[in-house]
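In what follows, chains carry the letters A, B, and so on, assigned in the order in which the sequence lines appear, proteins first and then strands, with residues in each chain numbered from 1. Nothing here was measured: the structure is a model prediction, and the numbers come from that model.
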Amino acid sequence: MTQSVVVQVGQCGNQIGCCFWDLALREHAAVNQKGIYDNAISSFFRNVDTRVVGDGVSISKGRISSLKARAVLIDMEEGVVNEILQGPLRDVFDSKQLITDISGSGNNWAVGHKVFGSLYREQILEKLRKSAEHCDCLQCFFIIHSMGGGTGSGLGTFLLKVLEDEFPEVYRFVTAVYPSSEDDVITSPYNSMLAMRELNEHADCVLPIDNQSLFDIISKIDLVVNSGKLGTTVKPKSLVTSNEGAVKKRHKKPFDAMNNIVANLLLSLTSSARFEGSLNMDLNEISMNLVPFPQLHYLVSSLTPLYTLADVNIPPRRLDQMFSDAFSKDHQLIQADPRHSLYLACALIVRGNVQISDLRRNIERLKPALQFVSWNQEGWKTSLCSVPPVGHSHSLLALANNTCVKPTFMELRERFMRLYKKKAHLHHYLHVDGMEESAFADAVSSLSALIQEYEELDATKGMPVQDVPRLSVAL
Amino acid sequence: MSIVTVQLGQCGNQIGFEVFDALFRDSHSSQGLCSKRENETYQASCKERFFREEENGVPVARAVLVDMEPKVINQTLSKAAQSGRWKYGQHACFCQRQGSGNNWAYGYAVHGPKHEESIMNLIQKEVEKCDSLSGFFIVMSMAGGTGSGLGAFITQKLQDQYSSSLKMNQIIWPYGTGEVIVQNYNSILTLSHLYRSSDALLIHENDAVHKICAKQMNIKQISFRDLNQVLAHQLGSVFQPTYCEDGSLHYRRNPLGDLMEHLVPHPEFKMLGIRNIPQMSENSLAYSTFTWAGLLKHLRQMLISSAKMEEGIDWQVQPPPSGLPPLGKVSVHKDLHFNTSIANLVILRGKDVQSADVEGFKDPALYTSWLEPVHAFSMWKTQRAFDKYEKSAALVSNSQLLVKPLDMIVGKAWNMFASKAYIHQYTKFGMEEEDFLDSFTLLEQVVASYGSLGP
Amino acid sequence: MLGAKAEYLLPTDCARRLVAEVQGALDYCAERQRQLEQSLRVSRRLLQGWEPARTPAPEPETKEEAPTPACTPSAQDLKELEFLTQALEKAVRVRKGMSKAGQRDRTSSLISAANAATSGATATAHSQAPSQAGSHASGAKSTKGAQKATVPAKNSPECRLLSRGNRTHVRTGAQATGSGPGLRDQQMVPSAVSQTTELFTLKEKGTLLQLPVAFRKAASQNSRLWAQLSSIQASDSTDATRAAKTQFLHKLQTATGWVGHRPSAAEVETHAQSLRKACTLLRLCMQKELSTAPTDWMQEYRCLLVLEELQTMVGQCLHRIQGLQAAVTEEMPPLCLVEKPTQASAPCGGEMDSSWSPEFLLYSSTKELQTLATLKLRVAMLEQQIHLEKVLMAGLLPLISSQEPGGPRWLALCRAAYSLLCEGGERFLTVLRDDPAD
Amino acid sequence: MPGAAGCTGRRRRRVEGAAKALPEAIAALSRSLPAGPSPEIFRRAKFDRPEAAPVLWQLLFRVLLPLEANTTLTDLAPETQARVVKSALSSQGYPRSALIQFSEGSSQGSRELLLALSWLLARGPLLEQLLSQTRVQLGDQLPQYEALARPDPPAPHVETESPVDLRLVEWLMGKLRFRWRRLISSQQEQCTLLSKIHLYTHGCHSQQSLGHLSVAETDMLRDPESSQQLLRTLESENRRLEAVLEWRRGELVFWQWMDTVLEACSLESPAVTSQPTVLPVISDRGLGELELVKQELHALQEELQEAAAPRRAAWETQVGGLGQGPEWSTTRKALREAVKQELGALQRSWEPCSSPDQPQRPHRLVRSEGESPRPKGLQAAEMIRTLSSQEACLKKVLHQLQSQCQQELARLAGSLPGLIWILAPGH
């Protein structure tokens, strides 16, 4: 069994991380009734004998003594991390996993990347190494950060390169939260643009998340929950946004709810690697199947169902509905419409009481409405994990490598260009040591090249699928 | 003679378990409809082939379990232990922590060489426990990474190390609509490598088995376990004991050898498909009666019309009139669906088996022009009924049945290859585009060779 | 999928020859296989449990016994089965002339089997009883008296080995513990009657076996006689006899008016075989010589001598072949064609120094025995393969060169020939069209 | 007078002895032959009496029949049997044509038959061969595979009237490969089982040097009934062996007697000197075989010529006048001797052994695990070494043939434009 380490950077990253650990604990608690430290738990948690002073000795077998998250928490201001340390999750972390500063990055990518990057490089690396040592088979780093701010986008993407150099065998999955267009951080287009280039070059997979989409989903749920229509009573604790666990609502909604969605995404993504199922999907299968060309590694995700109704008598249709919803525009975690764009590849990670025939039926049902690239007409990757999320009987995470991410990137480029043409706020960046103006141009051309690749693929959409002439055997 | 089974990857391990369980259950079933003595001989024959006995008397499957991650193996071991009837050997497993990630190259070029010694040692230990080794049965899927990549690697090593033992690969053909995105790459790499190192490729298509579950077995919500049980039933119907020859009372000792000698001597034709009949839910079985004539008539039509199961056979398809040379394009339309065989093996089990008439399978029109029925057809039988069927028939066929799916896979993989998609995932583990080309070349020839069999 | 016609039909005479050759090889292998399997069956039976008189054939009774399709045999069926089994066993018992013996406990019965064997042997051939058998006997001394009473009297010692006592005994043992092993499907075991579980295996009690005296006598006489035969042959009784035989053969020959010698088919075959072998060996010798680089001129000279001597030898072989061919086709008058006397012209078997007595072949482990046997077979197979390779070469290569290259028929021929001739038929090659489209 | 009486008594006894010697020898011969006829038959045959003919036809049939065919052919009609006998005799080179001319099934020629039988007896150790063919196998042997290497003349029943596609030949060759492999695995099993039986019966054999029982012996112990049977066959073999020994001691008188038979024969049939009507049948296959070898030898000769001639020339120029001294001439002589000897040994290894009919000296497998007093005999390890080098040698030959074919095919196919030949890579 493999292990993963979560690296949460910046305010956003740490808030999501916090929700993630809370949910992860709840999920394992629900599955693992006996309190035995098993392989599934070991993928995200260490079992530590706390009676031993100092570092704590890992226990590989037997009863759970004290669980420690396989995580490194990084923030350049103290607020969020301190809250975590004072909150109910405090036992899951210890101070050796934290790196904080007090000054903050001032919403400046360059400060996060260049200043704090070089300042904290060794220290961060030290913590990462330590966490890696605690794993017998480290498979993946999950890096969570926002794109708009300074610390997350700057230091977070700085880390990617560090990880690539230091742990070339270990996958780097980035959960990147993109700013919405009404983002109040004025430099967010710069930050996002500069971060994009790093993601392009150093991440294995990026799960782009967009605040606006999260917000829309929450509104949609609220509508259902509050409508009180007959027969639509939502089963308690089944909301994808709910969090009845340890973290008390310091931040009032909607942030908490939004973060929970992302935390659920990560749990589902890793579910098949952690729990048993009739069709396993290891983390290394994700990039293998979904990334046809090294740079096209942005995966649009959708989680369904968003909630489970309390009435248990109507499941079959709901099961098919779950699949349909996963492809609809308003269930995507970014503003995108995969159904009207071109699929390069698609993964369906199914959890709970769903069998292979359900999966095949729905693929066959949905396939005609979807457009796949000519050389990957059957581009499906599937997995069946027998353990559903807490509160649900089944769930689905769809990951799409789809040209529908393109508009997000184009919009980003537009917003960036608007600022960049005026050279607005540019000096904040340029006075940072090691930062040069060419970085901006490089970032633009990097993103443009990416957009271009999507464009070319998009252009093949709707064209009749033609077979390439094959080798011709004489006899 | 014994067969050592090597279960590889998730699919291979899940299926391997069901196969052993099916074999064991059948040979200890009370429904064999034969004398106790005969039943004992049957049981002993099955046991010699697939199980050995440990000191405490519990039969142990002659199997080696290999996977690159522990979950499935743990699950498989505990399922066998829970059955209480048989189990796997205590030290017959090999697993690692991290799977091959659906990457054939990773399984073949990284895991393979790295773990070769340990795995081959395990296999050797199992071999040494056989008084006589007939060969290896290697169960794997061809879509994933461990089963396909490591499976191809291990088969090759077995060929090197046990060159005179037989190697049969049980291969699971992925769903046509896709279950792993790089399945076509993985498949062509697997098939082409096995074509070089294995003696026979026994192929099961997930689509076909799925349909059998839905249509014949009437299962509403089909799980992998259902699929695997159908598959295990089919394999059991082939590999459970049958008599040596007509009128003999001895059970065949080396079915693997007999089968291969009959079906796969030609190096270009190694793909085998299984059909069997009847196959139905227990509920329907209670209301059904069978005659040999009826079963064989259906089975024959399944063969010539490429039907994968009894339901929905196309009765229009008929063999081309024999003796007459094909006249231009006259019969092309009709023959389009006709499935030409190279060689067939029919296995009959159950009541009154001596009365079964298999003349219908000896029609030269069923076979390719260069092989006469005397070379191309053979039959095995036993009075002992199989599973819960009073009479049952299985057909192992080396025919054009699989050329269409193969052609599809090669075509799809070629399309992807032409766009260079996913190639970087393979080259990072030391494969080269040249390796892909070699695989394509070989399989294009196989497709062409099977294609040229027809009338 | 549209393959061009990949057929290549062989000319009739070539086809007949090739198919006949391969078919001959196939038949031969099948025959050897059959023989091996027969002896395997015997060996396997020996290693299974030794239980007396169990008819191995399951077949005949299947029909009567076949239970109703309702899965479990009815009570009636069971009863009948039981009677049938009893009847069969009784018949066997009578046939074997075995008497029923009293019941004893299992272990003592086994010891008594050994004991009986030993005491029987000492009675008839005291002096020959090997020492370890004696020790077994003394080991069982404490219960000897009791056993003696139950050891059935035997008129022929060789029947003694499996005494009736054992058999009865174990059956009761099984009855007592019949319900024990949970794995046994009770439905399949309708009654304990037929539960004759194994008495013992060779592994457990093999070292207690004793060859019957009468057999030992006959066997030693047999080997003595063969040895005598060998020695008499070596000396071939008298020169007079040898001369008489030679004279007889000579007279017989001259009486027919033949002066020379015409080779018989058997001789031609023998010669052809030895020449074939010669050819192979000469070639190998040449290669060995050519592949070693001489370091000094002495060696070079030696090498030269070898090559020249080889040339002479090849010449002799060719001469021999020509002689044979001529004699056979009678282009030449009968001639004395072989300088060396061969078998047919050897007057009698007098000069043979071979022995008819078997020689011991000593092996130390299963592995070694396996290696030996496999190698032996491999060598034979390689010889066969080389022969077939030559036959195929002679059949196929002329066909290829005599035909217009290109065209599907020619390609089919080439592909198949390549596979057969260059790859031992195990691999094949692909011929691709070099399309500009690609 | 006691002395005189003694003398006459002795002489009479000698005369009586001589008179009795012939019938005794014939009786011994008769007992040594399988299903031997009564001695009276021989006497009648001398006078060419018809009633002796059928018996002798049958006897010759049994004597000449290849052992393997025994089971299937014994029930043949007398005419067929006679035909088999004739063809067998002629293929072995029996010189007299008179026998061949008799129509099948007639009762003519019992004397000729007697001559034929005697011819067979005079040629070699026929009786011993017959006995060894049916010899009771008490020990365990490794199977012999001589004939595998030399496929017997193909079965005549192969009728290939319908055209044969080359793929059928590939198919059959593939089948053969599977049969080879199956033989190997069966033999491996046989070895395992033999070795187990030997191990488990360790110390059981009455013959100290053997130590353990063989399969036949163990089987006999397991099944008392077969034990009786084995004993009976062993005893009857012993009786035949005794008869052969007796025959060997007294056969001289038989040959003297046969001279008179032969005389009677040639007196009566002087016409036999004419050409035989039936020529020895030498199959096309045999001739084809010779032709094949001939071609190979020619090729070899050329190669040798090409290799040796330039070397000789080079050597001559290099050595020049150097090689004149007496020292050199002795060295040269020694070298010549050595080479001659070496190659002489090579030659002997392919010359037909003095009697190809005689099966190799039988081996009895004995398991002996490092005990101090190892019984005398061949060591398996020794044999393995010989066989391995033989195997390596043959492999080389095969590979050479294959690469020869490869070159030839490449030459023939290489010139074609527009085609690419691709062999799947090995590993």
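Both the backbone and the side chain of C:E426 come within less than 4.5 Å of a heavy atom of chain D. Of the atoms belonging to D:S118, heavy atoms from both backbone and side chain fall under 4.5 Å from chain C. Looking at D:L193, the atoms closer than 4.5 Å to chain C (heavy atoms on both sides) sit in the backbone and in the side chain alike. Interface remark: D:E296 contributes backbone and side-chain atoms alike to the contact with chain C (heavy atom separation under 4.5 Å). In this structure, chain D has heavy atoms under 4.5 Å from both the backbone and the side chain of C:R283. Looking at D:Q256, neither its backbone nor its side chain comes within 4.5 Å of chain C, counting heavy atoms on both sides. With a 4.5 angstrom heavy-atom cutoff, C:L36 touches chain D only via side-chain atoms. Residue contact with chain C, scored on non-hydrogen atoms closer than 4.5 Å, involves the side chain of D:K340 exclusively. Both the backbone and the side chain of D:L398 come within contact range of chain C, with heavy atoms under 4.5 Å apart. Looking at C:L284, the atoms closer than 4.5 Å to chain D (heavy atoms on both sides) all sit in the side chain, from C-beta outward. D:V215 touches chain C through backbone and side chain together, each having a heavy atom under 4.5 Å away. Residue contact with chain C, scored on non-hydrogen atoms closer than 4.5 Å, involves the side chain of D:L409 exclusively.
In this structure, CG in C:L432 is found 5.5 Å from CD1 in D:I420, a value given to the nearest 0.5 Å. In this structure, the separation between CD1 on D:I184 and CG on C:L377 is 5.0 Å, given to the nearest 0.5 Å. Annotation: the span from C:E309 atom CD to D:L304 atom CG amounts to 11.5 Å, rounded to 0.5 Å. Put simply, CD on C:E37 and OG on D:S186 are 5.0 Å apart, with the number rounded to the nearest 0.5 Å. Once rounded to the nearest 0.5 Å, the distance linking CG of D:L168 with OH of C:Y8 reads 14.5 Å. Atom CG of D:L176 and atom OH of C:Y28 lie 12.5 Å apart (nearest 0.5 Å).
Here C:L304 is the residue among C:I321, C:I400, C:L304, C:L10 with the most heavy-atom pairs under 4.5 Å with chain D. Between chain C and the options D:K395, D:Q406, D:E303, D:Q188, heavy-atom pairs under 4.5 Å are most frequent for D:Q188. By number of non-hydrogen pairs under 4.5 angstrom with chain C, the leading residue of D:L234, D:L142, D:L335 is D:L234. Heavy-atom pairs under 4.5 Å with chain D were tallied for C:V22, C:L307, C:T366; the largest tally goes to C:T366. Between chain C and the residues D:A307, D:G139, D:G174, D:C191, the largest count of heavy-atom pairs under 4.5 Å involves D:C191. The choice from C:L375, C:L382, C:V314 that makes the most heavy-atom pairs within less than 4.5 Å of chain D is C:L375. Counting heavy-atom pairs closer than 4.5 Å to chain D, the top residue among C:T430, C:L361, C:L429 is C:L361. Of the listed residues (D:L365, D:V136, D:L292), the greatest number of heavy-atom pairs within a distance under 4.5 Å of chain C belongs to D:L365. Taking chain D as the reference chain and counting heavy-atom pairs below 4.5 Å, the highest number among C:L420, C:L275, C:L47 is found for C:L47. Highest contact tally toward chain C, considering only D:Q305, D:E408, D:K396, is held by D:Q305 [criterion: heavy-atom pairs under 4.5 Å]. Per-residue heavy-atom pair counts under 4.5 Å with chain C were compared for D:K196, D:E242, D:K175, and the maximum is reached by D:E242.
Looking at heavy atoms from C-beta onward, C:Y363 lies out of side-chain contact with D:I384 at the 4.5 angstrom threshold. The side-chain heavy atoms of D:L300 and C:C317, taken from C-beta on, include no pair separated by under 4.5 Å. The side-chain heavy atoms of D:L412 and C:C414, taken from C-beta on, include no pair separated by under 4.5 Å. Using a 4.5 Å heavy-atom cutoff, the side chains of C:E308 and D:R311 are not in contact. Looking at heavy atoms from C-beta onward, D:Q402 lies in side-chain contact with C:E389 at the 4.5 angstrom threshold. When side chains are defined from C-beta on, D:R179 does not count as touching C:R32, because their heavy atoms never get closer than 4.5 Å. Contact check for D:D219 versus C:R45: side-chain heavy atoms found under the 4.5 Å cut-off. Residues C:L18 and D:V164 have side chains not in contact (no heavy-atom distance under 4.5 Å, counting atoms from C-beta outward).
Here the closest heavy-atom approach between residue C:F248 and residue D:W119 is recorded as CE2-N, 3.8 Å. Taking every heavy atom of both residues into account, C:M393 and D:C405 meet most closely at CG-SG, 3.3 Å.
Judged by distance alone, with hydrogens and angles left aside, the side-chain atoms of D:R177 form a donor-acceptor pair with the main-chain N or O of C:G424 at under 3.5 Å. Without hydrogens or angle criteria, C:N222 side chain to D:E237 main chain gives no donor-acceptor distance under 3.5 Å.
In the model, C:T374 has no side-chain atom that pairs as donor or acceptor with a side-chain atom of D:Q187 under 3.5 Å. Between the side chains of D:W180 and C:Q385, not a single donor N or O lies within less than 3.5 Å of an accepting N or O. Side chains of C:E368 and D:Q379: a donor-acceptor N/O pair is absent below 3.5 angstrom, by distance only.
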